[in-house]
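Quick notes on the structure that follows.
Numbers restart at 1 for each chain; the letters A, B, ... are given by sequence-line order, proteins then strands.
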Amino acid sequence: DVKVTQSSRYLVKRTGEKVFLECVQDMDHENMFWYRQDPGLGLRLIYFSYDVKMKEKGDIPEGYSVSREKKERFSLILESASTNQTSMYLCASSLWGQPQHFGDGTRLSIL
Amino acid sequence: QKEVEQDPGPLSVPEGAIVSLNCTYSNSAFQYFMWYRQYSRKGPELLMYTYSSGNKEDGRFTAQVDKSSKYISLFIRDSQPSDSATYLCATDMNSGGYQKVTFGTGTKLQVIP
């Protein structure tokens, strides 16, 4: 079974802090994705990566950056956290041409 | 207009009922169709994945795709309380060299014992 592990289930941070969300997959998938999920808005793609050190902007990249130094690990960085970034963050991975598999999410609160 | 429309529910049914969950989409370029199940405070879990029009069955679950009317459905037979979750439809197309997945906002299902 595919295993996508997100480092924290719940996280509380303060406005202006730099926040790191970590994601690791164990299936040698080329593609990795970061989404945020908000009620009524569904899943929105923030960034994705199709190879080590490669990254592409999704639909809502503003205020975020990513890092992929190793194939199995994809990090999402909130450069200066703001209250409107309070959300559920979901990481996913996939092989080319195959559906995405998700982690259990990180519920992030920015106070 | 959203590219993928899904009734948010909630949908409440008695245990044992047949459940029908539906989505419509607007872009005929969508090629692949998925259903995910998401339990509260968990990530989406892939249930069904299909490419062509027609039916695909897996146990109590049947996914149906009608590309001519841009309509996708998930049927759950003999529904169980453990099926209570939010169900997300999703579609997929190649866009500029990568696969762009568009999700519906989800339908919340409650199966009452």
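- With hydrogens and angles left out, the side-chain atoms of A:Glu22 and A:Ser75 include a donor and acceptor closer than 3.5 Å.
- Only the side chain of B:Tyr36 comes within contact range of chain A, with heavy atoms under 4.5 Å apart.
- The hydrophobic cluster analysis finds A:Leu41 isolated: no Ile, Leu, Val, Met, Phe, Trp or Tyr side chain comes under 4.5 Å of it, directly or through other members.
- At a 4.5 Å heavy-atom cutoff, the contact between A:Tyr10 and chain B is made by side-chain atoms alone.
- Shortest non-hydrogen contact noted between B:Arg37 and B:Tyr87 is CD-OH, 3.5 Å.
- There is no contact between B:Pro8 and chain A, counting heavy-atom distances below 4.5 Å.
- With a threshold of 4.5 angstrom between heavy atoms, A:Gln37 approaches chain B through side-chain atoms but not through N, CA, C or O.
- Heavy atoms closer than 4.5 Å to chain B are found in the side chain of A:Arg9, but not in its backbone.
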Exercise for review: Quick one: do A:Met27 and A:Lys3 satisfy side chain to side chain contact (heavy atoms under 4.5 Å, CB included)? Show the steps, please.
Suggested key: CA-CA 7 Å; A:Met27 287 302 292; A:Lys3 184 79 172 170; over 6 Å; no
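- Contact of B:Gln38 with chain A is made through the side chain alone, with heavy-atom distances under 4.5 Å.
- Of the N and O atoms on the side chains of A:Tyr64 and A:Arg36, at least one donor lies less than 3.5 Å from an acceptor on the other residue.
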